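Everything below concerns the one structure shown next.
Quick caveat, the model's predicted, so the values are computed rather than measured. Just so you know, ligand 1 is whichever comes first in the structure, and atom 1 is the first atom listed for that ligand. Count residues from 1 along the sequence.
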Amino acid sequence: METGSIPPHVPQHLAYPFDHQLDPLFKIDPHKRISEIIEQFPEGIFYSTCRGGFWVITGYNAYCKIARNPAIFSSKSLVIPPHKSSSDSIPITIDPPQHAKYRAPLMAAFGPAKVQTMQDSIRTLINQLIDQVIDQRACNFIEAVAEPLPIIFFMQLMGLPLERKEEFRSWAVEALSCASEAERLPYLKKVDALFTQIITERQQQAENDLISQIIAMQIDARPITTDEVQGICRVLFFAGLDTVVNAIAYGIRHLAGSADLQQNIRKNPEIAPAVVDEMLRCYSFVNTGRMLTRDFEFQNLQLKKGEMVFLCNAAADRDPLAFKNPEQFDLDREGPRHVAFNTGPHQCIGSNLARMELKILYQEWCKRIENFHLDTESPPTFISGVVLGMQNLHIKW
Ligand code: HEM
């Protein structure tokens, strides 16, 4: 791990060489590693000497303050070290007040009413996937269900060619786990080229899909530009092809280790929404970055203009000052809302869809698959990066 020196404004005891992209322990057990880091820095903030230096936020309160203060903590650059690409990822890399005009029309496409209409198609798809594996009594759950469920559903929604789903998934995984911007760039270019082609086709002939709806959007009472459509598609591609895959995988891994919780969901499927949210808190996995717009005093520390901040959602959701016994899964938990979907202006737009997919999956899987458990001969494997992903999950029943 390449590390640099400690700048004079950083207290020595808060400096530590942590590289979220390359940390080898993330590949063994990401949330165990997160818990170790939290314990090491009870202040909820430390300074990593890797990647040119950046602040790491692990405390829940510090996380919320930063996520809700985009004037000081801008999302114009999310990657560390900062890299301002020529193209925006809309709406994530747009700060308020501009941000709202892009977010509002997208919210309608992913709002609760819209997602409610998707319920039956999600249930049907889940049952088709279960039909394919139920008699095998074992599977790599990532390949069998965690990937196809959200990816097929999202690609159908967007109007992307389903026969290319494995190829697109590999672009998303590669781009999100690359250690540097130079390695990531080829994948970003592939995604851009894909959408350039599809957007051109839909501009000539609209279809009944999300890309056509985005092309028809009005931004501030004017038609959206092609660049803006491209920027939105870029964000949706990575959100749609990666996030829910991991949420499902962490949830099923936990359930595979808890016959009681499986049985509880089987008998009381109405508890599934609460299971979804406690699972998201316990195994929060999408982290993000922000850049300081000016020098700023924060928790008695001097943060400098241009410095990067790594917002570690996975750690904030396990902060013992916010959540009692944070490593335990507790359906009766009291306390603040988790930040697995972030908080503040950039709170996840796809959360309704993600929650719906997770809820139905837990219900249907537990109903139809009796007593599933981990295959102890093939333990889960993980991918390190901004997103703490799972690569393989072998289960038996
Ligand atoms: C369990 C699954 C998911 C998790 C944990 C998750 C997490 C997040 C997080 C943490 C952010 C904030 C990023 C930042 O502030 O830098 C975010 C933003 C966003 N997510 Fe998700 N996401 C999930 C699923 C989805 C899905 C399925 C979609 C759509 C297909 C989606 C679309 C978006 C969009 C468009 C934003 C940007 C919102 C804005 O900037 O206003 N997400 N998500």
Side-chain angles (χ1 to χ4, degrees), residues 57 63-64 66-70 73-80 88-111 114-115 118 122 146 149-160 172 176 209-211 213-214 231-251 276-277 279-291 308-317 337-359 361-362 386-390:
I57 306 302
Y63 178 100
C64 292
I66 291 175
R68 292 171 188 156
N69 189 352
F73 299 95
S74 165
S75 57
K76 280 208 158 50
S77 181
L78 302 171
V79 293
I80 301 172
D88 280 315
S89 293
I90 301 173
I92 296 195
T93 59
I94 310 280
D95 287 325
Q98 298 298 320
H99 167 257
K101 67 186 183 191
Y102 294 103
R103 189 174 161 98
L106 274 176
M107 286 295 285
F110 288 100
K114 188 77 192 169
V115 169
M118 302 171 185
I122 295 173
L149 162 60
I151 292 176
I152 293 175
F153 194 77
F154 169 75
M155 287 181 65
Q156 284 172 339
L157 198 70
M158 282 292 272
L160 295 172
L176 290 165
D209 58 32
L210 191 53
I211 299 187
Q213 281 174 40
I214 297 169
I232 291 174
C233 289
R234 205 174 286 131
V235 171
L236 291 180
F237 182 89
F238 290 107
L241 279 130
D242 192 58
T243 54
V244 186
V245 174
N246 296 306
I248 292 175
Y250 283 116
V276 167
D277 271 281
M279 217 62 103
L280 284 164
R281 182 205 64 78
C282 210
Y283 306 105
S284 201
F285 59 93
V286 178
N287 306 296
T288 188
R290 294 291 186 261
M291 184 193 256
M308 289 300 298
V309 173
F310 179 64
L311 283 177
C312 190
N313 305 42
D317 276 333
R337 278 177 74 90
H338 66 74
V339 288
F341 292 119
N342 202 344
T343 176
H346 293 283
Q347 192 165 351
C348 179
I349 283 175
S351 60
N352 299 304
L353 174 58
R355 282 190 170 107
M356 181 67 84
E357 290 178 324
L358 285 159
K359 177 189 91 170
L361 189 264
Y362 294 157
V386 170
V387 175
L388 300 171
M390 206 187 294

Please classify the [X] to ligand 1 contact at 4.0 Å (heavy-atom distances, strictly less than): side chain, backbone, both or neither.
X	value
I92	both
H346	both
N313	side chain
R355	neither

Any idea which protein heavy atom is nearest [atom], and the distance to it?
atom	answer
atom 16 (O) of ligand 1	T288 OG1, 2.6 Å
atom 27 (C) of ligand 1	V244 CG2, 3.8 Å
atom 7 (C) of ligand 1	A340 O, 3.6 Å

Minimum heavy-atom separation for I80 and F310, please, with both atom names. CD1-CB, 3.8 Å
Restricting to pairs with a member in residues 98-110, which pass salt bridge (Lys or Arg N to Asp or Glu O under 4.0 Å), not counting sequence neighbours? K101-D220
Please enumerate all residues that pass side chain to side chain contact (heavy atoms under 4.5 Å, CB included) together with K114, with sequence neighbours excluded. M118
Does I92 have any side chain to side chain contact (heavy atoms under 4.5 Å, CB included) partners at least two apart in sequence or in another chain, and if so, which? L78, V235
Contact atoms of ligand 1, heavy-atom distance to [X] under 4.0 Å:
X	value
A247	1 (C)
H99	39 (C), 40 (O), 41 (O)
R103	38 (C), 39 (C), 41 (O)
R290	14 (C), 15 (O), 16 (O)

Does a donor on one side chain sit under 3.5 Å from an acceptor on the other, for H338 and S284? no
Between D95 and S74, a side-chain donor and acceptor under 3.5 Å: yes
Does P345 come within less than 4.0 angstrom of ligand 1, counting non-hydrogen atoms of the residue? yes
Is P91 near ligand 1, meaning one of its heavy atoms is under 4.0 Å from it? yes
Could you tally the protein N/O/S atoms lying less than 2.8 Å away from atom 21 (Fe) of ligand 1? 1
Side chain [X], main chain [Y], donor-acceptor under 3.5 Å:
X	Y	value
R290	P70	no
D317	C282	no
N313	V339	yes
N287	V387	no

Is the ring pair Y283/Y250 parallel, tilted or perpendicular, if the boundaries are 30 and 60 degrees? parallel
For D277, is there an ion pair with R355 - N to carboxylate O distance below 4.0 angstrom? yes
